[in-house]
Amino acid sequence: MSDLERWPSLPLNEWQDTYHTLHMWTQIVGKIRMVLSPPLNHWWHVTLYVNSRGLTTGPVPCTRGIFEIQFDFQNHALEIGSSDGKSASRPLQAEAVADFYAGIFELLERLGIAVRINPMPQEVATRVPFDRDFGNRSYDAEYANRLWRILVSSAKVMGQFRAKFIGKCSPVHFFWRSCDLACSRFSGRAAPPRSGVISGPAYSQEVCSAGFWPGGHGVDEAPYYSYIVPKPAGIESTQPRPAQASWNAQLSEFVLTYDEVRRAASPEETLYEFLESTYEAGARLAKWDRAALEV
């Protein structure tokens with residue numbers, strides 16, 4: 001693939017209907033994993049992972065062994081395979097969230113996998129239960145594939161960035177709640193307690209998180225982001241690299257638009273520079289013990 005193929009354009013206005021529908025589909029699959037998986041710190045047991053075909057749950061425990069659900073964005077199919085040799089699939093195509101919801105539970109029932117989830121979506125302005133959502137029904141295969149290619153390219157760079165850290169660090173994983181690909185480094189110190197079922201466990205320790213988000217909620221250009229919690233004094237005054245990166249007061253984090261990365265002479269080096277420089281700024285101001293945490 002050329003750089004343009006590995007880093008395709010993703011203008012929000014051209015695929016936002018597909019984006020909204022995919023967001024709900026990934027939430028359904030993610031909630032299935034969440035219900036059946038042992039809880040992990042910071043909600044790491046709920047995420048999806050980028051693989052060679054799309055997004056996957058990875059192995060999920062069930063009564064008869066393990067199973068895996070995969071969005072295949074090359075052949076545009078939802079696939080479920082289990083450790084007892086059984087499998088089932090259905091095409092990814094334009095259909096209502098409610099129909100997708102019914103279809104995936106029909107496949108699971110056919111494979112003998114019993115699970116129930118809360119049908120209320122997360123992180124959306126209008127919360128319609130999955131089984132009653134007939135409004136979100138778009139699927140543009142080209143843009144679904146573009147999103148996956150961006151996730152693949154981004155995950156490779158984030159994996160390289162992750163490798164230099166020997167402290168506690170998350171996998172590079174996809175959070176379906178907010179529809180972003182993220183990787184988090186931890187200082188090893190406790191953070192001030194936060195309220196909330198999600199925010200409390202997620203931010204129980206000092207953390208620097210970075211990732212890719214397709215945009216939305218008033219953010220029209222897909223950004224890469226980086227933030228540190230708790231926010232150290234003065235971080236908004238630092239200048240990250242490359243020069244096009246900046247502090248976004250609305251989001252309270254550093255941002256670099258995806259288009260700046262994809263148009264760079266080396267998208268990989270540009271993204272890595274952003275990840276490294278924003279982490280360095282946060283860790284320095286927060287007085288992390290970098291000698292003990294980095295290779």
Side-chain angles (χ1 to χ4, degrees), residues 39-47 49-50 151 153-175 177-178 180-213 219 223-258 260-261 266-295:
L40 289 175
N41 54 182
H42 314 294
W43 293 96
W44 293 354
H45 62 293
V46 311
T47 56
Y49 305 98
V50 179
L151 295 177
S153 296
S154 301
K156 287 174 59 181
V157 178
M158 292 165 69
Q160 293 171 342
F161 171 70
R162 181 180 185 271
K164 287 185 61 178
F165 199 74
I166 58 176
K168 177 179 175 179
C169 190
S170 78
V172 177
H173 47 190
F174 181 87
F175 278 97
R177 183 171 179 261
S178 48
D180 67 313
L181 184 72
C183 181
S184 301
R185 292 175 166 186
F186 295 83
S187 73
R189 302 187 303 233
R194 287 192 175 200
S195 60
V197 173
I198 294 175
S199 293
Y203 297 104
S204 59
Q205 298 176 12
E206 291 183 349
V207 61
C208 180
S209 289
F212 168 80
W213 178 47
V219 178
Y224 289 97
Y225 66 84
S226 177
Y227 64 87
I228 187 167
V229 173
K231 186 180 82 171
I235 192 169
E236 64 275 8
S237 300
T238 61
Q239 177 56 54
R241 300 186 307 274
Q244 297 90 337
S246 62
W247 179 262
N248 184 300
Q250 175 190 349
L251 301 175
S252 195
E253 58 193 26
F254 292 112
V255 296
L256 175 65
T257 66
Y258 168 68
E260 292 288 357
V261 171
S266 172
E268 292 82 1
E269 291 180 9
T270 301
L271 175 54
Y272 191 91
E273 184 178 35
F274 173 74
L275 298 174
E276 189 66 33
S277 69
T278 53
Y279 160 74
E280 288 174 351
R284 174 176 51 82
L285 290 170
K287 295 182 171 56
W288 284 23
D289 185 0
R290 296 181 61 191
L293 295 171
E294 301 169 21
V295 174

Contacts of Glu294 that satisfy salt bridge (Lys or Arg N to Asp or Glu O under 4.0 Å) - sequence neighbours left out: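 Scan of Glu294 (salt bridge (Lys or Arg N to Asp or Glu O under 4.0 Å), adjacent residues dropped) gives Arg290.
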
Under the salt bridge (Lys or Arg N to Asp or Glu O under 4.0 Å) test, residues paired with Arg177 that sit two or more places apart: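 Only Glu123 meet the salt bridge (Lys or Arg N to Asp or Glu O under 4.0 Å) criterion with Arg177.
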
Could you tell me which residues satisfy side-chain hydrogen bond (donor to acceptor under 3.5 Å, both in side chains) with [X], sequence neighbours excluded, listed by chain and number?
X	value
Ser184	Ser209
Ser178	Asp180
Thr270	none
Asn41	Lys168

Any side chain to side chain donor-acceptor pair (under 3.5 Å) involving residues 186-196? Give me the pairs, sequence neighbours left out, ordered by first then second residue. Ser187-Glu206, Arg189-Glu206

Do you know the tightest heavy-atom contact between [X] and [Y]?
X	Y	answer
Val295	Ala163	CG2-O, 4.1 Å
His173	Trp44	CE1-CD1, 3.5 Å
Gly211	Met158	CA-CE, 3.9 Å
Leu275	Ala210	CD2-CB, 3.6 Å
Thr278	Ser226	OG1-OG, 2.9 Å

Side chains of Val261 and Tyr224, heavy atoms from C-beta outward: is any pair under 4.5 Å?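 The answer is yes; the side chains approach within 4.5 Å.
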
Show your reasoning for whether side chain to side chain contact (heavy atoms under 4.5 Å, CB included) applies to Glu268 and Gln160. CA-CA 10 Å; Glu268 292 82 1; Gln160 293 171 342; 5.6 Å; no

For [X], check ring-ring contact (aromatic ring centres under 6.0 Å, His included) against everything at least two apart and list the hits.
X	answer
Tyr49	none
Tyr258	Phe212
Trp247	Phe254

Between Arg185 and Gly167, is there a donor-acceptor pair closer than 3.5 Å when you use the side chain of the first and the backbone of the second?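 Judged by distance alone, no pair lies under 3.5 Å.
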
Return all side-chain donor-acceptor pairs below 3.5 angstrom for residues 228-245, not counting sequence neighbours, or 'none' if the list is empty.
unit_1	atom_1	unit_2	atom_2	d
Thr238	OG1	Ile235	O	2.7
Gln239	NE2	Ala245	O	3.1
Arg241	NE	Glu273	OE2	3.3

Report the distance from atom [atom1] of [X] to atom [atom2] of [Y], rounding to the nearest 0.5 Å.
X	Y	atom1	atom2	value
Trp288	Tyr279	CH2	OH	6.0 Å
His42	Thr47	NE2	OG1	12.5 Å
Phe161	Leu271	CZ	CG	9.5 Å

Distance-only check: which donor-acceptor pairs under 3.5 Å involve side-chain atoms of residues 196-204, not counting sequence neighbours?
unit_1	atom_1	unit_2	atom_2	d
Tyr203	OH	Tyr227	OH	2.7
Ser204	OG	Pro201	O	3.3

What do the steps show when you test Leu151 against Phe174 for side chain to side chain contact (heavy atoms under 4.5 Å, CB included), and what is the final call? CA-CA 9 Å; Leu151 295 177; Phe174 181 87; 4.3 Å; yes

